[in-house]
Trainee: 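First, the structure itself, so that you have it in front of you.
Counting begins at 1 with the first residue of the sequence.
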Amino acid sequence: MAIGFMKGAFGGGFAIIGIPLLALVMDPIKAGSLLAPLFVAMDLYALRFWRPHTWSRPDLALLVPGLVVGIGGGYLLLEYLDRHVVEILMALTTLLFAFLWWRGRNTAVARPRSRAKGLLAGTASGVTTMVAHSGGPPLAMYLLPLGLSKEVYAATTSLFFTIGNLLKAGPWLAVGDLSDGSWMLMAICLPAALLGVWGGWNLHGRLNQEQLYRICYGMLVVTAFKLLWDGSMGLLY
């Protein structure tokens, strides 16, 4: 339900908080595999709230090609690069980004979009969502400075991660080696997940623009510290 709530309220980019919580009681790989089909179901359900006219098509045109490349690259990096190094680098970058905003950029000011930044953000999000389950921060670092309306921001994020989670579902199910009991657990969790999406959508409608951006940046910080902790503990132990 927590993941669904984040998807409904913020479009999916901050749903990372649910995976570490689940990983506290089960193997992280199984946790990711268990959630992969639920992610897809929640994303498709969330899209009913975000109509095509709310998507930022110019940004998606820049981000999605990078996402595809990044997911493929992330899958390959799992074979050669310690995922904990990726987590630490992503956490430090996110904290720096959030610090700069809180210090002097605490309002949503529209800035010109950049093709290079869009491609880079899409690729980074694809890599980190595949390697460290954390595709939200790179996407947010690109979208938030554009000053999009809260509806367009959440809708664009939602569609972006719908595409990404559809691409990821197959690889995650392949590595997870799930049992019959896991599929039963998915079926049990599905109604709660969809209810969470609905609840998050209702909260989104009550937030003003400034509140949404403050919460998004706050969640970036929480996510970054969780990644930093996971990465550091992974390297030490």
Trainee: Please report the closest heavy-atom contact between Pro145 and Ala140, naming both atoms and the distance.
Mentor: CD-O, 3.8 Å
Trainee: Any link between Leu92 and Leu120 through a network of hydrophobic side chains (Ile, Leu, Val, Met, Phe, Trp, Tyr) touching at under 4.5 Å?
Mentor: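 In one cluster: no.
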Trainee: Atom CZ in Arg48, atom CG in Leu194: separation rounded to 0.5 Å?
Mentor: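 Going from CZ on Arg48 over to CG on Leu194, the span is 10.0 Å.
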Trainee: As an exercise, state the distance from CG of Leu44 to CZ of Phe39, rounded to the nearest 0.5 Å.
Mentor: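 If we round to the nearest 0.5 Å, Leu44:CG and Phe39:CZ are 13.5 Å apart.
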Trainee: State plainly whether one hydrophobic cluster holds both Leu119 and Val68, where clusters connect Ile, Leu, Val, Met, Phe, Trp and Tyr through side-chain heavy atoms under 4.5 angstrom apart.
Mentor: no
Trainee: Which pair of non-hydrogen atoms, one from Ser56 and one from Thr156, has the smallest distance, and what is that distance?
Mentor: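 Taking Ser56 first and Thr156 second, the nearest heavy atoms are N-OG1, 2.9 Å.
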Trainee: Might you point out which heavy atoms bring Gly135 and Thr128 nearest each other, and give the distance in Å?
Mentor: CA-OG1, 3.6 Å
Trainee: Are Leu144 and Phe161 joined in one hydrophobic group, where the rule is that I, L, V, M, F, W and Y side chains link up if heavy atoms are under 4.5 Å apart?
Mentor: yes
Trainee: Report the distance from atom CE of Met186 to atom CG of Leu34, rounding to the nearest 0.5 Å.
Mentor: 5.0 Å
Trainee: State whether the side chain of Thr54 and the backbone N or O of Arg51 hold a donor-acceptor pair below 3.5 Å, judged by distance alone.
Mentor: yes
Trainee: Once you round to the nearest 0.5 Å, how far does CG of Asp59 lie from CG of Leu143?
Mentor: 6.0 Å
Trainee: Where do Leu62 and Ser114 come nearest, in terms of heavy atoms and distance?
Mentor: CD1-O, 3.9 Å
Trainee: Tell me the closest heavy-atom pair linking Trp50 and Ala154, and the distance in Å.
Mentor: CH2-CB, 3.5 Å
Trainee: Output yes when a side-chain donor or acceptor of Thr123 lies under 3.5 Å from a complementary backbone atom of Gly70, and no otherwise.
Mentor: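 Side chain of Thr123 to backbone of Gly70, a donor-acceptor pair under 3.5 Å: no, none is there.
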Trainee: So does Met130 get a backbone contact from the side chain of Lys168, meaning a donor-acceptor N/O pair under 3.5 Å?
Mentor: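 Here the side-chain-to-backbone pair does not exist.
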Trainee: Could you give the distance from CD1 (Ile71) to CG (Asn165), rounded to the nearest 0.5 Å?
Mentor: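 It is 8.0 Å, given to the nearest 0.5 Å.
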Trainee: Is there a path of hydrophobic side-chain contacts, each under 4.5 Å between heavy atoms, that joins Trp198 and Leu47?
Mentor: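 Linked within one cluster.
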Trainee: Please say yes or no: joined through hydrophobic side-chain contacts below 4.5 Å, possibly via intermediate residues, are Met141 and Val69 part of one cluster?
Mentor: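 No, because Met141 and Val69 fall into different hydrophobic clusters, even though each may have its own neighbours under 4.5 Å.
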Trainee: Are Trp55 and Val152 close enough, and set up right, to give a side-chain contact (heavy atoms from CB on, under 4.5 Å), and what steps lead you there?
Mentor: CA-CA 6 Å; Trp55 305 337; Val152 172; over 6 Å; no
Trainee: How long is the gap from CG on Asp230 to CD1 on Ile88, to the nearest 0.5 Å?
Mentor: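 The CD1 atom of Ile88 is 10.0 Å from CG of Asp230, to the nearest 0.5 Å.
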Trainee: Taking the side chain as every heavy atom from C-beta outward, state whether Leu63 and Ser125 have any atom pair closer than 4.5 Å.
Mentor: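 No; the side chains remain at least 4.5 Å from each other.
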